[in-house]
Amino acid sequence: MENSDNMVYRLGSGCELSDIVTGNVYEVKVQGFAKFGTFVYLNSHIKGLIHISNVKTEHNEGDKLLVLVRNIRDNGNIDLEEVTIRNYEVSNVACKRPQTRLGDLRSRVGNNVSLDVEIAQIKQTSGPTIFTLIDETGKENAAAFIEAGKRAYPEVELGDIVHVSGEVMMRNDQLQLEVSHMEVLSEEDKNLVLKRIEKALDDRAYPEDLPFMIESEVLEMLKPAMKDVAFHIRKAIFTNQPVILRHHADADGIVAAVSVERAITSLIRDEGGDPDLESHLFKRAPSKAPFYEIEDVTRDLDYALKDNIKYGQKLPLILMMDNGSTEEDEPSYRMAKVYDLTILVVDHHHPDESTDAFLTAHVNPYHVGGDFGVTAGMLGAELARMIYPPVEESIRHFPAVAAVGDRSEAPERAKYLQLVEDTYSEDDCKDIALALDYEQFWLRFNDGREIVKDILNLNDNTGRHKRLVSLLVAEANLAIKEQIETSMPHVERSVLENDARLFTIDVEIYAHRFTFPPPGKTSGEIHDILCKENEGSPVVTLGVGPDFAVIRSRGVLMNIPRMVRELREEIIGGGVNGGGHLVVGSIKFVEGMRDTVIAGLIEKIGKFPIE
Amino acid sequence: MENSDNMVYRLGSGCELSDIVTGNVYEVKVQGFAKFGTFVYLNSHIKGLIHISNVKTEHNEGDKLLVLVRNIRDNGNIDLEEVTIRNYEVSNVACKRPQTRLGDLRSRVGNNVSLDVEIAQIKQTSGPTIFTLIDETGKENAAAFIEAGKRAYPEVELGDIVHVSGEVMMRNDQLQLEVSHMEVLSEEDKNLVLKRIEKALDDRAYPEDLPFMIESEVLEMLKPAMKDVAFHIRKAIFTNQPVILRHHADADGIVAAVSVERAITSLIRDEGGDPDLESHLFKRAPSKAPFYEIEDVTRDLDYALKDNIKYGQKLPLILMMDNGSTEEDEPSYRMAKVYDLTILVVDHHHPDESTDAFLTAHVNPYHVGGDFGVTAGMLGAELARMIYPPVEESIRHFPAVAAVGDRSEAPERAKYLQLVEDTYSEDDCKDIALALDYEQFWLRFNDGREIVKDILNLNDNTGRHKRLVSLLVAEANLAIKEQIETSMPHVERSVLENDARLFTIDVEIYAHRFTFPPPGKTSGEIHDILCKENEGSPVVTLGVGPDFAVIRSRGVLMNIPRMVRELREEIIGGGVNGGGHLVVGSIKFVEGMRDTVIAGLIEKIGKFPIE
Amino acid sequence: MENSDNMVYRLGSGCELSDIVTGNVYEVKVQGFAKFGTFVYLNSHIKGLIHISNVKTEHNEGDKLLVLVRNIRDNGNIDLEEVTIRNYEVSNVACKRPQTRLGDLRSRVGNNVSLDVEIAQIKQTSGPTIFTLIDETGKENAAAFIEAGKRAYPEVELGDIVHVSGEVMMRNDQLQLEVSHMEVLSEEDKNLVLKRIEKALDDRAYPEDLPFMIESEVLEMLKPAMKDVAFHIRKAIFTNQPVILRHHADADGIVAAVSVERAITSLIRDEGGDPDLESHLFKRAPSKAPFYEIEDVTRDLDYALKDNIKYGQKLPLILMMDNGSTEEDEPSYRMAKVYDLTILVVDHHHPDESTDAFLTAHVNPYHVGGDFGVTAGMLGAELARMIYPPVEESIRHFPAVAAVGDRSEAPERAKYLQLVEDTYSEDDCKDIALALDYEQFWLRFNDGREIVKDILNLNDNTGRHKRLVSLLVAEANLAIKEQIETSMPHVERSVLENDARLFTIDVEIYAHRFTFPPPGKTSGEIHDILCKENEGSPVVTLGVGPDFAVIRSRGVLMNIPRMVRELREEIIGGGVNGGGHLVVGSIKFVEGMRDTVIAGLIEKIGKFPIE
């Protein structure tokens with residue numbers, strides 16, 4: 001039979017059986033041959049048969065033909081007849097039907113559905129391949145199977161936008177889409193879907209506008225940057241991107257990080273996250289150094305890249321807290337940038353301008369005329385509320401702990417203390433801060449999650465919290481007392497030409513090592529005592545080790561970074577490095593040049609004006 | 001209709017559908033409303049319907065009503081009619097039916113059962129919540145499901161006593177109770193059940209009365225304390241409580257700990273423990289220091305608290321062996337006590353009285369007039385038999401190894417050696433002890449479980465055991481020889497005013513570092529040689545490091561703890577600490593005061609009387 | 001009835017129900033007694049009943065009887081009658097039916113099959129016991145169940161040859177044999193099967209004969225040894241034996257090891273390996289020292305033995321690369337040999353003859369008149385092609401990187417560089433080598449698998465590879481520059497009696513510590529500079545630390561091993577050790593004898609002739 005009508009249809013990949021019209025002519029592709037006829041594809045996944053009696057021409061696998069649909073049987077088989085048409089027009093059948101959204105799957109169990117989604121994770125199991133799908137309404141898993149342990153749809157990659165069809169099932173009490181068809185969208189379709197998903201996700205990720213817990217000019221000015229950080233974190237969670245939170249291992253840094261940890265893990269749980277996956281999606285890691293060491297970024301990358309291969313996970317977003325805003329972080333940032341990692345910083349240390357080139361968002365009071373008195377812990381708690389507002393109730397006291405822990409003298413300190421004065425006195429806050437410092441020392445660089453939560457009273461067990469803090473404070477004070485009694489008799493005293501009292505203590509040979517308090521804190525405690533003993537005089541304390549010195553001062557208009565720069569130039573082969581704030585910091589050098597460097601340092605200190 | 005009878009029944013929570021009698025009147029509670037009538041609860045889990053035509057009064061959710069049971073349909077639906085009765089008597093229907101015990105579940109597959117049990121673990125999976133149940137007959141898992149990954153029965157907590165009903169199933173070849181109902185018992189019921197379970201568990205946990213492997217007065221006197229320790233360990237295993245065994249990392253400590261490890265893991269297996277769980281229920285960890293360091297308790301707590309959250313596990317019981325009975329352990333015990341951990345000690349070091357305040361049970365020969373000659377390894381092997389009697393056969397030779405390893409001079413030494421002389425000569429035992437010391441050095445602080453089992457001939461492969469021990473002994477002796485040859489020429493010799501021969505060796509700069517033998521053992525080996533060279537004379541050997549000295553002596557009536565106390569007071573800023581036994585011990589100080597401290601120490605040693 | 005025929009059959013264990021002939025007489029063994037008769041075994045797993053009416057004599061469990069088969073019912077029950085025959089002949093029924101091979105299981109799903117196989121792994125799960133079976137055609141898993149968590153067929157051990165029957169199933173999309181019967185073969189049958197399997201496996205494992213990537217006499221002579229190593233590795237993979245690859249942590253060692261890693265993991269995947277198991281079957285571990293330290297072998301054994309227990313895995317094969325051919329490795333080899341581990345070495349360091357006693361195969365250019373210029377990386381890449389030929393494409397540039405990294409001056413260097421000159425210039429190769437060294441320093445002793453693959457451009461992302469290498473090279477050069485600027489001013493210069501220029505630098509106190517470059521590389525960099533400054537003169541550079549010195553030299557005919565031996569003898573209590581090549585090496589000593597040893601060393605150096 002030669003068809004007289006000249007309209008030929010081309011069936012789009014979104015089309016289903018019910019979109020095929022009996023009597024119409026379709027362009028098809030030969031799939032294969034059987035004794036009784038030829039199988040052809042009507043689109044990427046619908047197959048029909050031309051019975052041998054209806055085959056008109058010879059053809060090979062892959063050839064394009066025209067066929068007339070004679071009948072669609074109840075069992076879904078399609079009877080076709082080959083036709084030849086000399087001149088014809090082609091009409092693309094797009095079948096853009098209303099699609100399901102992931103958020104609706106739960107109500108569609110047992111049904112076949114079609115969706116356009118983004119691929120957020122691809123995990124190969126020893127059975128099927130598991131794809132994690134996301135769209136603007138949520139995330140769900142889809143299982144696709146070709147052969148045990150073999151990757152299904154190998155052309156589909158992490159981050160692709162795909163059209164997927166399949167049946168919604170419950171397997172082991174879990175919702176799962178059993179994939180019958182998956183296909184990467186064309187560039188054009190992709191952009192439409194991506195725009196739709198991204199727009200909706202961006203809207204969801206954008207934090208709501210909450211007032212801060214206290215009134216603060218600095219915080220108000222930081223709000224846009226904080227919202228930006230909150231936005232990126234929320235979006236990471238909505239799109240199954242892991243977050244690595246690196247932070248300074250002191251009380252302020254811990255408080256900042258635990259605020260955000262609490263908000264993130266709550267949000268993951270609210271999003272219906274698999275509890276087994278939680279630890280894959282969020283990791284908090286205290287840093288050994290007060291910056292992002294190359295060793296740290298190396299370990300983070302090593303694990304992230306292995307997880308990327310093993311679990312098909314996205315590469316992580318890096319969040320630095322109470323850390324991360326200075327030149328010292330840049331070598332590590334350069335490594336992270338080779339892998340295009342997004343880096344966010346929430347810090348209250350004096351930032352170096354050059355560092356911003358690596359950062360997607362950066363909250364820092366110095367950007368708006370504030371200073372380190374607005375501590376990372378304050379910023380962290382307010383940020384946590386932006387990420388997940390209900391977190392507020394449990395962390396209201398965190399900024400007060402951070403304030404006293406970091407000896408903030410900013411006006412925010414009093415306000416945050418006042419906010420919780422009914423439940424936590426200033427002394428309570430100081431105790432919590434000291435307990436955090438002491439416990440973190442013994443935790444080394446583990447997060448100690450549950451112990452830390454008890455110290456911060458996050459575990460709904462105030463009795464235990466109180467017993468724990470009071471024990472840790474007692475032990476810390478005992479250890480400090482022992483250290484001071486050992487070191488104090490060895491302090492060397494002199495008066496500099498600017499009339500500053502200089503105190504030097506060798507913290508390597510006149511202090512207990514590898515125990516609490518460590519050299520930096522030992523120097524600080526000694527300095528505090530000497531300041532009291534020398535009320536009214538300018539005081540400089542040097543805690544000297546074999547290849548470093550810790551500098552603490554009061555009443556001397558020092559500039560430590562400048563001294564370090566000068567000594568580095570003046571002392572050839574000294575290997576001088578270091579820095580810090582203007583009047584508190586540290587200096588490093590090679591052991592063999594210690595006397596020369598210390599002498600040079602003292603000479604310079606003696607020349608600064610006193611207050 | 002107004003009911004004339006005045007008896008109203010109140011259905012207990014243990015009651016099932018079949019306990020409801022048609023025609024009786026029950027007190028019920030309004031659950032909710034539908035177009036066609038009102039749903040009410042007859043007890044905590046049985047629901048019935050008052051059809052709208054049978055509703056008599058207006059009411060709100062939670063109101064109490066009286067209803068007459070009109071009909072119970074085949075599908076379980078209950079038709080009710082509201083009634084009002086002016087005066088009535090209430091009769092509680094308790095439905096105390098014969099309950100199933102966990103030990104009988106295996107024979108009830110496919111049936112519905114009811115049990116009163118204790119909750120021993122609650123693990124949230126990505127599907128159902130898994131509750132581990134225990135009663136006096138055993139433990140089994142129960143699965144409860146509300147929504148994927150959501151905690152079922154969130155009001156039920158670890159340690160609660162509950163009434164649970166459900167169907168006994170086999171899932172993946174494992175017995176499992178599929179929970180249809182779970183309810184925390186009232187305080188009154190709870191105490192009854194708890195008493196029943198606890199009493200039965202206590203009876204099971206109490207160890208049987210076995211004679212010791214040898215005759216020993218000291219052991220006989222220690223028997224009650226040993227039984228007490230065995231009881232607590234057995235009970236922990238029966239109730240799914242993890243055990244952490246911390247021990248001294250020398251031959252005696254290893255032998256003690258491996259005895260108990262063997263007994264515990266055998267008992268766990270006998271109890272039908274899931275092999276995947278074994279490593280969650282028992283951990284053996286050699287300690288770096290000869291006491292429970294804060295760093296160790298911190299790590300133990302960090303992991304235990306995380307497992308408590310992640311796997312819903314109980315907090316662990318701590319067992320200290322060849323360690324744990326002195327003041328130095330107390331800071332760590334104070335930490336453990338914040339979390340109410342049970343601590344057991346089996347030690348043969350001289351105990352400090354104050355330490356007992358932290359301990360639930362403590363075995364120590366000094367408590368009964370014995371001394372360190374009854375070593376931890378002897379105590380451990382006998383304890384292991386109390387925990388799991390069949391263990392004896394494989395560990396009979398352990399006490400002999402411990403005896404020679406710790407140089408016991410107690411009468412028990414000869415008896416334990418005699419016990420196994422047919423299979424292990426005294427030299428064999430010495431070789432095993434040296435092999436343990438050497439291997440543990442390279443294992444650092446890993447347990448090296450299987451290698452250690454081979455050294456101790458626990459792996460049914462005597463050929464391999466012999467080859468391994470003989471190799472390790474050869475390597476150890478080679479290393480000792482090299483160390484002695486290097487150090488001996490640098491020994492400084494003098495004679496003290498009490499005529500003691502004093503030998504001093506700087507083990508930091510005149511010995512190989514970071515290799516076997518470490519400084520303490522190096523000092524000991526040198527001391528042994530010098531004792532032989534100076535047969536008949538009093539000998540004191542000091543192995544001196546930058547901030548410590550090891551003291552070994554023979555024939556001098558020293559009191560090391562007293563010297564340490566005095567030096568601590570006399571040398572201001574010396575940071576002196578330490579202790580040990582009377583004549584063997586160590587002293588620590590800050591590096592800068594080394595010469596002063598050593599001079600002070602030698603002066604004091606010279607004043608002690610000689611034997 | 002007394003049987004007149006005198007033929008009695010004995011049914012072999014391979015026989016099934018259908019092999020039994022009604023009317024025949026069989027020798028059987030009494031299994032047990034019931035009211036209605038006696039059960040007997042016809043072979044190890046077929047049971048029949050002698051009805052009480054057909055029992056003729058009294059007997060006990062285990063007795064042997066003769067029975068006549070009266071009837072085999074449709075349900076498989078066998079009705080027997082006891083008979084007595086005075087004189088009879090026995091005929092063994094072997095039932096050697098055509099067996100299935102593992103490679104055919106996929107086509108037999110749903111069928112019962114019988115196979116003779118080797119047991120390659122036995123993992124006890126909390127449900128069934130999983131046996132991994134291998135034969136000459138592949139490997140598959142079989143599940144056997146008796147009771148949850150209990151070991152099925154406990155008499156079957158790792159490495160046994162068994163006859164197994166069961167049904168082929170798909171479980172969770174994975175092929176699995178559900179075992180109905182498993183039996184260890186008799187010694188005779190075992191040897192037949194083993195021979196068959198081993199022969200086929202050996203044939204498969206033997207590498208095909210490929211030409212090398214370049215022409216090289218040394219490589220040609222090494223071919224048999226390389227094939228031998230490839231053979232053992234391939235066979236390990238085919239038989240589920242884990243491989244541990246230990247290697248030198250420098251560019252040449254990494255290149256060598258990653259070549260083989262790539263070949264092995266590709267082959268495992270081709271063999272259909274479970275992706276979850278991959279990390280159990282192969283581990284690459286960079287070594288801290290340039291030899292196999294006791295601490296390393298201890299850790300390797302600790303893990304291997306635990307995996308052997310936990311996962312029922314075979315003990316591993318050890319492959320050493322760019323390491324492993326000297327006396328220093330022997331203590332570790334002695335440990336490995338206690339466990340009969342197979343050890344293979346691919347090294348280009350000068351081998352000690354005694355070491356070969358421990359090795360199953362050893363590739364070393366010195367064996368065939370070559371030297372270290374044929375580097376481990378060259379050998380490793382060629383070996384990788386023997387293990388898995390398609391690997392060549394991605395690793396063609398590896399030998400060139402190894403060549404420049406190890407400063408090879410062999411003719412192979414130029415050829416390998418030429419091979420890839422279109423894609424990698426010599427400078428590119430140098431950059432990659434430096435990037436590997438720098439990155440490995442920060443990875444410490446982790447394998448950093450994915451980062452290392454990026455450095456080596458194995459991840460199909462050349463852009464990222466280039467950015468990463470160029471960043472690492474820049475950072476490495478910056479760090480080297482800083483170190484040189486610090487150290488150079490402290491170099492002490494003198495001229496020895498043989499006119500060699502001696503340069504000494506204390507790398508402990510005049511260099512940055514714990515950072516890149518480490519002391520050895522620092523000394524090397526300084527030496528390179530001094531060589532240039534002293535063009536034409538013989539140069540010796542000593543990098544001295546507290547208890548070691550690194551020796552580099554040019555133009556002096558030194559023999560470092562001899563100097564070390566002499567100093568060890570001459571300096572009593574010096575603890576002198578060390579070695580290396582003739583003119584590049586290091587020496588260790590105890591700190592307190594440093595001045596004496598260095599003085600002795602310098603005196604000796606001054607006496608060597610200059611070139």
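Chain identifiers are assigned alphabetically (A, B, ...) following the order of the sequence lines, protein sequences preceding nucleic acid strands; residue numbering begins at 1 within each chain.
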### Task
Identify which part of C:I309 has an atom lying under 4.5 Å from any heavy atom of chain B, answering side chain, backbone, both or neither.
side chain
#### Entry: Proximity breakdown for C:N308 and chain B, heavy-atom pairs closer than 4.5 Å
neither
### Residue selection (most heavy-atom pairs with chain C, distance under 4.5 Å) from B:P489, B:S487, B:A474
B:P489
### Query
Of the listed residues (B:D447, B:N446, B:D506, B:T515), which shares the most heavy-atom pairs with chain C below a 4.5 Å separation?
B:D447
Which bit of [X] is near chain C, if near means a heavy-atom gap under 4.5 Å: side chain, backbone, both or neither?
| X | value |
| --- | --- |
| B:F514 | neither |
| B:L478 | neither |
| B:H512 | both |
| B:L471 | side chain |

### Task
Run the numbers on C:R568 and B:E482 for salt bridge (charged side-chain N to carboxylate O under 4.0 Å, His left out), then give the verdict.
CA-CA 11 Å; C:R568 180 169 173 78; B:E482 165 71 21; 2.4 Å; yes
### Task
Taking the side chain as every heavy atom from C-beta outward, state whether C:F131 and C:V164 have any pair of such atoms under 4.5 Å apart.
no
### Query
Do the numbers put B:R284 on top of the ring of B:F282, so that NZ or CZ is under 6.0 Å from the six-membered ring centre and no more than 45° off the axis?
no
### Task
Evaluate whether atom NZ of C:K588 has more than 12 neighbouring non-hydrogen atoms of other residues, nucleotides or ligands under 6.0 angstrom away.
no
### Parallel, tilted or perpendicular, as decided by the 30° and 60° cut-offs, for the rings of B:H490 and B:Y510
parallel
### Query
When the ring planes of B:Y311 and B:H280 are compared, do they come out parallel, tilted or perpendicular, using 30° and 60° as the limits?
tilted
